[in-house]
Amino acid sequence: MTMINDLVGEFNLITRDIFGSGFIPLHRPVFLGNERQYLVDCIDSNFVSSVGAKVTEMEQRVAAFTGAKFAVATVNGTAALHIALQVAGVARGDEVISQALTFVATCNAVSYSGGIPVFIDVDKDTMGLSPTALKQFLESHAEMRTTGAWNKGTGRRIAACVPMHTFGMPCRIAEIAEICAEWSIPLVEDTAESLGSFVAGKHTGTFGQSATFSFNGNKIVTAGGGGMIITNSEEVARLAKHLTTTAKVPHPYEFVHDSIGYNYRMPNLNAALGCAQMEMLDAILSVKADLALQWESFFENRKVKFVKPIADCKVNHWLNAIVLDNAAERDEFLKKTNEQDIMTRPIWCLMNRLEMFKDCQTDCLENSQWLQDRVVNIPSSVPDGALKKV
Ligand SMILES: *Cc1c(COP(=O)(O)O)cnc(C)c1O
């Protein structure tokens, strides 16, 4: 373990050099724009709840930034994914293909819509759903019927596919989109971590029917809490808006609701914070790109693998990650760095290991397991002083 000891010593020095003293979190928000002003304006306007100009503005900002035609604001990213899946047609007893290596919210949203996750392996380099594994799974387990793709083994319909762009690194989304189209499986991208990440000039989340962002406090920009569904389909956007706003039939004063809807609209207060953060997004992305370069050269000089995007991607560098040689080294690195008040974190426990998803169908998950044993996230916040107050 001397190698890890040496590495931790140098890691401690560079972390203190970049982030200063005291406890160093993995990712903290920065409020150097119009956050305070917009919050005060919002309170003064009396529109603090789920109706207000900032909610609409937030939708327009996200649509403009991502190039999607429509955006529907929600109360958080999990709610956004729940509704996106419901709009995609996921109903009780349907299967939804996703990855075992993801944050639990992806699978919780599948469950809220009555779906049952099926866990397919990820690619080692992207840490996101593998098109090769997806194709293999469908070819050996699925059949096409007039109603879409069905799982021959379980007798269930495969109603959607939800890849996730891990830590902002795009997965091979164009290939996944092609396979989904071939099998008539609606593609819903979980882009909670990839705002600011593009593939071949196209923003992640614009490759399928819809995609969902999160504006939680730990994401690249925050609304305190919030989410967003983006889509190029007017019908998907209309239905998503309807379901997230109690499914109320538009009328000046009467209360008629035409289905079971949800109170999932983003409050104007959160949108006010979110709009100010969206104004800062480009500046934040630029600082994070510099930080990632710094980490990259530090680790590559020490023969430690630093996770980089695949070709033709522009990434947001939301959370930087390294790949250590084995689980023992990972554990040693995590223990020693956290003891020194520098937050580092392993990747998530695979979803099929969690009690509620332990009976879900999986493929071999070889790469997922390999990554789970080795990946560590390192501090990725905008350093103090790196961004100027506007
Ligand atoms: C953060 C996150 C979500 C959920 O977002 P919330 O706004 O916290 O509900 C969903 N999926 C992934 C991959 C995430 O990282």
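In listed order, ligands and their atoms are each counted from 1.
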Could you go step by step and tell me if D190 and T106 meet the side-chain hydrogen bond (donor to acceptor under 3.5 Å, both in side chains) rule? CA-CA 7 Å; D190 183 346; T106 313; 2.9 Å; yes
Determine, step by step, whether E57 and K54 satisfy the salt bridge (Lys or Arg N to Asp or Glu O under 4.0 Å) criterion, reporting the C-alpha distance in whole Å, the side-chain angles of both residues, the deciding distance to 0.1 Å, and the verdict. CA-CA 5 Å; E57 185 189 324; K54 284 291 181 195; 3.0 Å; yes
Give a yes or no on whether the ring-centroid distance for H317 and F167 is below 6.0 angstrom. no
Atom of I120, atom of A133 and distance for their closest heavy-atom approach: CG2-CB, 3.6 Å
Assess whether side-chain hydrogen bond (donor to acceptor under 3.5 Å, both in side chains) is satisfied between Y38 and Q277, documenting all intermediate values. CA-CA 10 Å; Y38 292 174; Q277 288 267 284; over 6 Å; no
Distance dump, ligand 1 polar atoms to protein, N/O, under 3.5 Å:
unit_1, atom_1, unit_2, atom_2, d
ligand 1, 5 (O), S214, OG, 3.2
ligand 1, 7 (O), G77, N, 2.7
ligand 1, 7 (O), S214, OG, 2.7
ligand 1, 9 (O), G77, N, 3.3
ligand 1, 9 (O), T78, N, 2.9
ligand 1, 9 (O), T78, OG1, 2.5
ligand 1, 11 (N), D190, OD1, 3.4
ligand 1, 11 (N), D190, OD2, 2.8
ligand 1, 15 (O), E193, OE2, 2.5
ligand 1, 15 (O), K219, NZ, 3.2

Ring centres under 6.0 angstrom apart (F213, W318): no
